[in-house]
Amino acid sequence: MKKQKVYEIIQSVVILVIGILMSLSILDSTFIDILIGIACLLLGVYLIVKSLFLSNDKSILLPSGIGGGVLIAYGIAVFAKYSQPINFLSQILIVAIIAVGALLIVQSILTLIKSRSKSSITIAILFLIFGVALLSFGICFICVNSFGSYVWMACGILLAVYGLYLFIRALVTLKK
């Protein structure tokens with residue numbers, strides 16, 4: 001059980017540091033590539049160590065170990081300037097945001113047409129609101145050039161807060 005707590009503390013500190021670096025990365029765009037490379041390497045090593053020491057099989061050939069190996073390889077590719085992750089990740093993010101937004105809108109319209117219960121209509125309206133927000137968000141990514149950097153900074157701040165929360169939670173549960 002102690003090993004699990006140590007891994008939780010390490011994971012929370014890494015998330016906290018990555019969040020802080022992400023929020024500061026608005027100053028230099030090449031810093032984002034370095035950050036993604038470091039994050040892939042650290043997460044890859046973490047997943048391999050986790051598959052070796054926290055599982056009963058003690059094998060790298062578990063899904064987390066294989067994923068860790070892929071992340072390490074991608075981190076090395078980033079540092080070797082073979083891959084530019086920010087372009088690739090931002091394109092995937094934009095397509096995913098627009099697709100999820102459109103799917104939420106379609107689902108909400110179908111739910112509004114089919115259902116007559118008050119709770120289903122409420123959920124459909126919430127889906128519609130979230131769908132329109134995501135679709136608008138995705139369009140802003142495409143139309144406004146600097147929008148992505150501000151979102152990156154906001155995500156970094158949220159990630160840092162989440163890392164701090166995980167760190168405090170791990171310390172509190174460790175004391176119990």
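All values reported here derive from a predicted model rather than from experimental measurement.
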I'd like a table of donor-acceptor pairs (distance under 3.5 Å, sequence neighbours excluded) in which one partner is a side-chain atom from residues 98-114, with atom names and distances.
from	atom 1	to	atom 2	distance (Å)
Gln107	NE2	Thr111	OG1	3.2
Ser108	OG	Leu104	O	3.2
Ser108	OG	Ile105	O	2.7
Thr111	OG1	Gln107	O	2.8

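The list of side chain to side chain donor-acceptor pair (under 3.5 Å) pairs with a residue in residues 131-144, not counting sequence neighbours, is empty.
The structure places CD1 of Ile123 at 13.5 Å from CG of Leu128, a figure rounded to the nearest 0.5 Å.
In terms of hydrophobic clustering, with Ile, Leu, Val, Met, Phe, Trp and Tyr side chains grouped at heavy-atom distances under 4.5 Å, Val45 and Ile48 are assigned to a common cluster.
Checked against ring-ring contact (aromatic ring centres under 6.0 Å, His included), Tyr162 has no partners two or more places apart in sequence or in another chain. Scored by the side-chain contact (heavy atoms from CB on, under 4.5 Å) test, Ile129 finds Ile125 as partners (sequence neighbours excluded). Residues satisfying the side-chain contact (heavy atoms from CB on, under 4.5 Å) criterion with Val70, sequence neighbours excluded, are absent altogether.
Under a 4.5 Å side-chain heavy-atom cut-off, the cluster of Ile, Leu, Val, Met, Phe, Trp and Tyr residues that includes Leu126 has no other member.
Within a 6.0 Å radius of OH in Tyr46, other residues, nucleotides and ligands contribute more than 12 heavy atoms.
A side-chain contact (heavy atoms from CB on, under 4.5 Å) with Ser12 is found for exactly one of Leu171, Leu166, Leu164, namely Leu166.
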